[in-house]
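Reading through the structure tokens given below for one structure.
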Amino acid sequence: MITLVNELNQICTKHIFNEKIVIVDSHSIGEQINEAFVKKGHQAINLKYKTVNDLAHNLVELNSDEEIKLLDHSIGVQLTYTMLHELKEKGKLRYFEGMEITPSFSHAIYNTIQLLRLSGYTKDTIEKDAFITPVKAEDMDKILAAFEEKINSLEFIDRASLLKMASKYVKINDHVVFILQSNLRLSYLEEILLSKILPEMHYKLPLAPVFGINTPEGTSLSSIRWADPTSLSYLYQQDGASGEADLHLFTAKTEELEIKQVLEKIKMTEEPLDESVIFYTSGDAYITLLYQLSQKMELPISFGDGLPITFSRPGRLTLVLLEWIQSNYSVQVFLDMLNEGLIEIGKNVPFINSGFFDLDKMVVSKGKIAKILRDLQIGWSPDHYDKRFGNEIDRLSEEFLLDAKNTLLENCIKEHYWIWSSFKTIFKNLPPFDSTINYKKCLTGIKFILENNCKTGSAFDELSKSALLEAIEKILPYADEMLSIYEVIEKVRDFLLSIRVNQSRPKPGHLHVSSYQDGIYCSRSNIFVVGLDNKKFLGNSSEDPMLLDTERIRLGNNIRLLREKGQESLYTLLQVLAQSEGRVTVSYCNFDINDNRAINPAFVVLQCYRLMTGNKEAEFKELKKLPSSIISNDIFEDKDYWNEKLTKDVTGHMTDGVLQHFPNVINGLNAERARHSSGYSEYDGLVKIDAAQFDPLQNHEKTMSAGKLETLAKCAYSYFLKEVLKVKPVEDVSYDANKWLDAATRGSLLHSIFETFYKTLTKDNTKPSVAKHLKLIQDIAANLIKQQKEFLPPPNERVYQREVKDILACCEIFLKEEEQYGKNYDPLHFEYSFGIGDQEPAIVTLPSGELKISGIIDRVDKSKDGKYHIIDYKTGSTYGYKKNGAFKGGRQLQHFIYALAVEQHLNLGEGAVEESAYYFPTVKGMAERFSRKQDITLRTKGLDILEKLIEVIKHGHFEMTDDENDCKFCDYRLVCRRHFYPKETLELKQSNQKLKGVRAYD
Ligand code: SF4
């Protein structure tokens, strides 16, 4: 850089008052050259940095009366997308006939159009022979023609048109001094324009030479002017190397450790941050890491390529909003947005005329909103939000009429109105969920949410929000099209989430981070190049299927070949190194955590090693010997401290003094110790219980159900969590595009169908018959399914039809089975309940007292010989049910409890119930019945089980189950921690299990 800056200074000194224009590839290069110029203490009057595009723009603006409406990239891609759709629909494409018109395909075609047009080709001049097949040439011709027609009709001018227009107005100005950057990357049209603008006398800034590889060939305008070599000019030709390079090399186990090591080295130099720069070979691998560290450490970093918009809250909100739309507005996705702090509701809402005047001054907390949405069991769909809120407000209002002084109730109604109105406003603006939606409506909806509901917490968030709004605003006039919901989501994702914000030149006081591709003109004295492994650097370069290299060669006109991309990238990196001033450190990460395998360095690293050590024969195996720690040497964040402690493998103890400040840590340590000991303690379910409250034989207000007793028998600890501590799992109704009814809802729907069917037959005093009643049961099913559909809309018609078909098949199975079974039985009671609502509980008499029981029996039948049979419909799998084995270690008690309960409640007399059956009238269950004869032996065993179970409660011995199969579908897996217990410890704790006796009954 020194030679370049000195030459620039000489030119400026020679032409002090003339206008001096440095022609650069990008503004960022101009800024970097200027920074280096100023840093060396030089100044210049009338020195400007311009791209060829800037020159074209200036010329057209000065000379043309027409208003210039430049085609923006995103509008160009959108117009290409629409144009491709139109061509495809009209059947005009042949080569691309089978291609799906996706956002990425439109991007690729738009880039090809621009490449061809900047190379001087139009629909009239395109060389059809250049393409591999005539069909492709024809398609390309049609695409160019359609594109040109589209932009002309909308009066847009793209870069190619601008350059051509500018060429008409060129007049050589000998007073302007033109200085060219070396190796300018000019398109064909740019080169033509520049050659017209440049006077014969112009300058070119030099670059340090790069020896040992082919350097890019260029025309007289785009060639490289070489300066004197530097020590790093010889990296690939070390025989002629001169001078000692300030070159360093290290390797690390992960990218994170690589970056931390870079920061550690920067810290050690004690130089200002803005003397250092990190160049990466792959942004994806390093930008996230650096951004997160900059946030944690409050480290000022400028990012040359900017940051993905999804790092900001508005970007995340947009991402999750799309998921929300796609899930038909699932409450669960909304709660994710709420909990992540992305969205707030209630602003700019016209509140429903509710009779409350101050709703606009209210704010309902996040926790309250989440609770109300969960309690209403909305699930998804705007209709559903509307209905559930409406019904709930009606219900609460009726309650309020009877209790008008209840302020809690009044507040509750107001909160419901507030949330309801907020959702109404949101749904009015977002597109309705459908198979096709309007792209424009979707974008305006997102815009509305960003403007009114998006939370921002930093300048970066504000910047991102503005970038999103600006991008949407720009595209809206061209987005009015109906597309499938999938296409719209893909398009918005591609368009909005690919935005990068905060692109920055190297800023004073900031560490700069950028791609090495932008590093040639960097003047910082401490350069790091990270990511030099053989995958990230010079991995495979592939062809562009839109325009193959053979086609590019035939077309000529400066079109670059992709097979040369690798060579160009290598040259660029070597040029960065040769051009650098000061210290250069290269590094690579030697392990891929995701693939769990070693990674090799790129060849350039070996060359660096050879130059550093003077060992020109060194091989890759020498690099493998380089040290690489598995932890960070310095502490940048909490985890570095803890990692360092962990790798030392020395047990540390917190002193009592420290512990006193953390009472919960003391509690946790006590719990951990107790859980790891063989003793059975309160941490494992041994509880001092208030038997007067929890023992159902002592507390006469307490009723038990068969389900509760089965839970107690299966795992007393889960009973303790549920019935004593009252721990409730969160019950979210989540949207699933492939499922309508969950198992419980489907089960209760089938129960209702069977009950309604039998009640109808009983009224008509007739027995079930397939010939006579198939239509009846199908009609009943259709009616109840319709009601269910209104209450809970299915995700789509396909899923709905599939589940309806299954329900109707179950009805048929049920009817066929009942036709046979009904010959010997008469159904007497359906959904017979006791201990529920005003119904008296049933009493089961145990040796030690009376147990009150509540429950609902699906069906009670009477056989021809006057005996009673209990039927329990099961709509799930028959897994866990055996023909023999009545109690399954206490886990199946319902058949027996219901037999005793119904005998007592209906005064049938002991022994009246002969049999109870679990009946599976479903496609999966194949109408299987698992019958349990309620004989004297079974009854004696059953009573003993109940007696033992009550003992468990009375003594507070709530042990965890002895069979881990019980945990498979348990709701308490997350809280009980059974899986953390070593197997032997658990066995010791359970050696005196109260449930042992119960388990003996299979
Ligand atoms: S996970 Fe297992 S041990 Fe824990 S409560 Fe559930 S059934 Fe009991």
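Every heavy atom of this structure was used, including side-chain atoms; hydrogens, water molecules and symmetry mates were not. First listed ligand is number 1; within each ligand, the first listed atom is number 1.
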Counting from 1, what ligand 1 atoms have a heavy atom of Cys715 closer than 4.0 Å? 3 (S), 5 (S), 7 (S), 8 (Fe)
Quick one: does Ser705's side chain have a donor or acceptor within less than 3.5 Å of a partner on Lys708's backbone? yes
So, Tyr918 versus Gln892: side-chain donor-acceptor pair below 3.5 Å or not? no
Please report the closest heavy-atom contact between Ala716 and Val952, naming both atoms and the distance. CB-CG1, 3.9 Å
Numbered atoms and elements of ligand 1 in range of Asp966, under 4.0 angstrom, heavy atoms: 7 (S)
Is the shortest heavy-atom distance from the side chain of Arg929 to the side chain of Ile871 under 4.5 Å? yes
Under the 3.5 angstrom rule, does the side chain of Arg932 hit a backbone N or O of His895 as a donor-acceptor pair? no
Please check if the number of heavy atoms outside Asn884 that lie under 6.0 Å from its CG is greater than 12. no
Give a yes or no on whether Cys967 keeps an N, O or S atom under 2.8 Å from atom 2 (Fe) of ligand 1. yes
Nearest protein heavy atom to atom 6 (Fe) of ligand 1, by residue and atom, and its distance? Cys970 SG, 2.4 Å
Subset of ligand 1 atoms that lie under 4.0 Å from at least one heavy atom of Arg978: 3 (S)
Nearest-neighbour protein heavy atom for atom 5 (S) of ligand 1, which is reported as residue plus atom name and distance: Ser718 CB, 3.5 Å
Atom 4 (Fe) of ligand 1 - nearest protein heavy atom and its distance: Cys976 SG, 2.3 Å
